[in-house]
A.B. asks: 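I am attaching a structure below and will ask some questions about it afterwards.
For the single chain, residues carry numbers from 1 onward in sequence order.
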Amino acid sequence: EQGDEAIYNKTETKHDRSEPDFGELPLFKTQEIWTGRLENGLTIFGIENNEVPLVQFDITIPGGHLLDPIGKTGVASFLSDLMMEGTATKSPADLEEAIGLLGASINMYSANEDFHITGSCLTKNFEATMALVKEIILEPRWDEKEFERLKLALETRLKGREANPNAIGSMVFNKLIYGDSHRFGIPGSGTLQTTKSISMSDLKSYYNNLSPKDAKFHIAGAITKDQAENAITILKDWDGYRIAIPHYNIPLNSKKGNLYFIDIPDAKQSVIRIGKLALSEKDKDANKLNFANEIIGGGSSGQLFQTLRIDKGYTYGAYSGVSQSNEIAPFVVRTSVRANATLKSLNIIKDMITKYEDNFTDVEVTLTRNKVLKSNTRAFESLGAQLAILRNISKYDKPVTYIVDDQNELVSMTLDDYKTIINKYLNEAEMIYLVVGDKQTQWEDLKKLGKPVIELDIYGNVIENEKK
């Protein structure tokens, strides 16, 4: 029956698995961060870490998906793929070999708000790696054969995405949240419609947006400031103009309270997305909302995971949170559940969010503090995590002490602070529900949730015969 629970005997153990008493709360200490700047406007942020003889780096250039041409979403993402297919003097195979001989890695990708050039290498090979980075940035190959090959590969990936319920859920949910006129309502990789007319000239035109004027170079690893700056100076010939980043208006929440459904015939699982636009990472409440989310959806210890997976066995995982963004980002609950537990799961999530403020007590305040502070002691050890610290500082104008500042904000938060944040941002009545699953078995049950049920196609368009 709908949502029947598995009955099983737990394995007995002779080991004591009880937790020891809490000791004094560990507090994170900010690592030393250095900064520098090239004359072309490229700003450098670094952390020296000598545990292993490696460095990781990331060049963040503002723009990304936001600068895609109107009607041709996917150009930035396509360009990031093509620029790794050789240089003016190196074929794709030659470039791959040159990177491999250094024991290095160099990659590019486009995100919603940024274009990234990333890499890692042995410290002793950093200068040689930077020489390749310079060549990739300043001497693109513009290989027509590679362009055609990548375009065919992109078409194949996009067609495959249309058969993936999780990908459909994410794509349509963003369209529901941001609307048709906001750039984030369309995937950064584009769609079959927006990418079909992309030409080499579109990529060359977007290439002019890769300017060092507001770009940031982040580096972490076994390298001093002087060594890093000397090697990065090779990019002094990289030039360009300051690029204006477009602003898009946030739509009114006209879809709140609705449940949208996409039919995937015979699906054995239902993909669930529930949420609403919340805030930007630069908002003064951003940290508080992240802290308030810990108990309900912060990882495997969150209530969503513990209830839907551990207690009920409906899913492999259930989480919630707000992504980091300069733009206002949504609070999202995400999970995939057994098809026959869809309605049960929705009722549990709805009830959990509705009662979250009332059920939040001083016990949850203490649990949140312990959880976050203890996780911080091991959250910033890897070079990748240290790069993330530098990116947060440079992108969101955070002070170098921001982790300690966040920590102090957490410690000072009261029960009333949590309840205020939950009431402000986690109002269940303002949330949009999306379910991707089997219509034949789920449609009538979903109507029992008490929300208007609207059927969409896999592109997020309303199916008119179900609109009435």
A.B. asks: Counting only N and O atoms by type, is there a donor-acceptor contact under 3.5 Å from the side chain of T191 to the main-chain atoms of P187?
C.D. replies: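 A pair under 3.5 Å: no.
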
A.B. asks: Where does the angle between the aromatic ring planes of F217 and F57 fall among parallel (under 30°), tilted (30 to 60°) and perpendicular (over 60°)?
C.D. replies: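 F217 and F57: parallel rings.
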
A.B. asks: Looking only at side-chain N and O atoms, does T354 offer a donor or acceptor that is under 3.5 Å from a partner on D351?
C.D. replies: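 Looking only at side-chain atoms, T354 and D351 do not form any donor-acceptor pair under 3.5 Å.
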
A.B. asks: Working note: E428 + K451, criterion salt bridge (Lys or Arg N to Asp or Glu O under 4.0 Å); need CA distance, chi angles, decisive distance, verdict.
C.D. replies: CA-CA 12 Å; E428 188 276 334; K451 294 179 177 292; 3.0 Å; yes

A.B. asks: Ignoring hydrogens and geometry, is there a side-chain-to-backbone donor-acceptor pair from N290 to A286 under 3.5 Å?
C.D. replies: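 Here the side-chain-to-backbone pair exists.
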
A.B. asks: Please determine, by modelled atom types, if N287 and D406 share a side-chain donor-acceptor pair under 3.5 angstrom.
C.D. replies: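 The criterion, which ignores hydrogens and geometry beyond distance, is satisfied for D406 and N287.
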
A.B. asks: Say whether, by atom type as modelled, one donor and one acceptor occur between the side chain of D114 and the main chain of P62 under 3.5 angstrom.
C.D. replies: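 It does not hold such a pair.
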
A.B. asks: Does a side-chain heavy-atom distance below 4.5 Å link Q227 with K225?
C.D. replies: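 SC-SC contact between Q227 and K225 ruled out.
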
A.B. asks: Checking F291 against Y418 for the ring pair (Phe, Tyr, Trp, His ring centres under 6.0 Å) test, could you report, in this order, the C-alpha distance in whole Å, the side-chain angles of both residues, the deciding distance, and whether it holds?
C.D. replies: CA-CA 8 Å; F291 299 148; Y418 281 99; 7.5 Å; no

A.B. asks: Compute whether any side-chain donor of one residue and acceptor of the other, for N326 and Y396, lie under 3.5 angstrom apart.
C.D. replies: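 Result is no, nothing qualifies.
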
A.B. asks: K395 versus T60: any side-chain heavy-atom pair under 4.5 Å?
C.D. replies: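 With C-beta onward as the side chain, the pair stays apart.
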
A.B. asks: Write down the atom of D263, the atom of E455, and the distance for their closest heavy-atom approach.
C.D. replies: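 Between these two residues, the closest heavy atoms are CB-OE2, 3.8 Å.
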
A.B. asks: State, yes or no, whether a side-chain contact exists between F360 and V365 at a heavy-atom distance under 4.5 Å.
C.D. replies: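 Yes, side chains in contact.
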
A.B. asks: Check each of F173, F184, Y248 against Y178 using the ring-ring contact (aromatic ring centres under 6.0 Å, His included) test, and report the only one that passes.
C.D. replies: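 The option that passes is F184.
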
A.B. asks: Can a donor-acceptor pair be found between the side chains of N461 and K175 at a distance below 3.5 Å?
C.D. replies: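 Result is yes, a qualifying pair exists.
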
A.B. asks: I want to check something: taking the side chain as every heavy atom from C-beta on, are I219 and F126 in contact at a cut-off of under 4.5 Å?
C.D. replies: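 They are in side-chain contact.
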
A.B. asks: With no hydrogens and no angle check, is any side-chain donor or acceptor of T401 less than 3.5 Å from a backbone partner on V404?
C.D. replies: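 Flag not set: sc T401 to bb V404 has no pair under 3.5 Å.
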
A.B. asks: Examine the side chains of T414 and D417 and answer whether a donor and an acceptor come within less than 3.5 Å of each other.
C.D. replies: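 Yes, because at least one side-chain N or O of T414 sits under 3.5 Å from a partner of the opposite role on D417.
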
A.B. asks: Going by distance alone, is a donor N or O of one side chain under 3.5 Å from an acceptor N or O of the other, for E327 and H182?
C.D. replies: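 Looking only at side-chain atoms, H182 and E327 do form a donor-acceptor pair, the distance falling under 3.5 Å.
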
A.B. asks: Can L367 and K371 be said to form a side-chain contact (heavy atoms from CB on, under 4.5 Å), step by step?
C.D. replies: CA-CA 6 Å; L367 286 174; K371 181 179 179 182; 6.0 Å; no

A.B. asks: N293 versus V322: any side-chain heavy-atom pair under 4.5 Å?
C.D. replies: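 Sidechains of V322 and N293: no contact.
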
A.B. asks: Is the distance from the ring center of Y433 to that of Y260 below 6.0 Å?
C.D. replies: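 When the ring centroids of Y433 and Y260 are compared, they turn out to be at least 6.0 Å apart.
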
A.B. asks: State, yes or no, whether a side-chain contact exists between R391 and F45 at a heavy-atom distance under 4.5 Å.
C.D. replies: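 Of all side-chain heavy-atom pairs linking F45 with R391, none is under 4.5 Å.
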
A.B. asks: Do we see a donor-acceptor contact under 3.5 Å between the side chains of T342 and D445?
C.D. replies: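 No, D445 and T342 have no side-chain donor paired with an acceptor closer than 3.5 Å.
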
A.B. asks: Side-chain contact, heavy-atom cut-off 4.5 Å: I33 with I389?
C.D. replies: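 With C-beta onward as the side chain, the pair touches.
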
A.B. asks: Tell me yes or no: between the side chains of Q407 and D405, is some donor less than 3.5 Å from an acceptor?
C.D. replies: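 No pair is found: no donor N or O on one side chain lies under 3.5 Å from an acceptor on the other.
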
A.B. asks: Does D362 offer a backbone N or O that forms a donor-acceptor pair with the side chain of T366 under 3.5 Å?
C.D. replies: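 Here the side-chain-to-backbone pair exists.
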
A.B. asks: Under a 3.5 Å cutoff, is there a donor and acceptor pairing between the side chains of S110 and S80?
C.D. replies: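 No, S80 and S110 have no side-chain donor paired with an acceptor closer than 3.5 Å.
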
A.B. asks: Is it true that a side-chain atom of N112 and a backbone atom of H65 form a donor plus acceptor pair closer than 3.5 Å?
C.D. replies: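 No; zero donor-acceptor contacts below 3.5 Å.
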
A.B. asks: Would you say the side-chain atoms of Q442 and S270 include a donor-acceptor pair closer than 3.5 Å?
C.D. replies: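 No, no side-chain donor-acceptor pair sits under 3.5 Å.
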
A.B. asks: Please name the residue in the list L308, T307, L304 that meets the side chain to side chain contact (heavy atoms under 4.5 Å, CB included) test with S345.
C.D. replies: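 Output: one option passes, namely L308.
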
A.B. asks: Just by modelled atom types, is the S300 backbone N or O under 3.5 Å from a matching donor or acceptor in the Q306 side chain?
C.D. replies: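 Looks like yes, one N/O pair under 3.5 Å.
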
A.B. asks: May I ask you to check whether T335 and T315 show a side-chain donor-acceptor distance below 3.5 Å?
C.D. replies: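 Note: T335 and T315 side chains meet the donor-acceptor criterion.
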
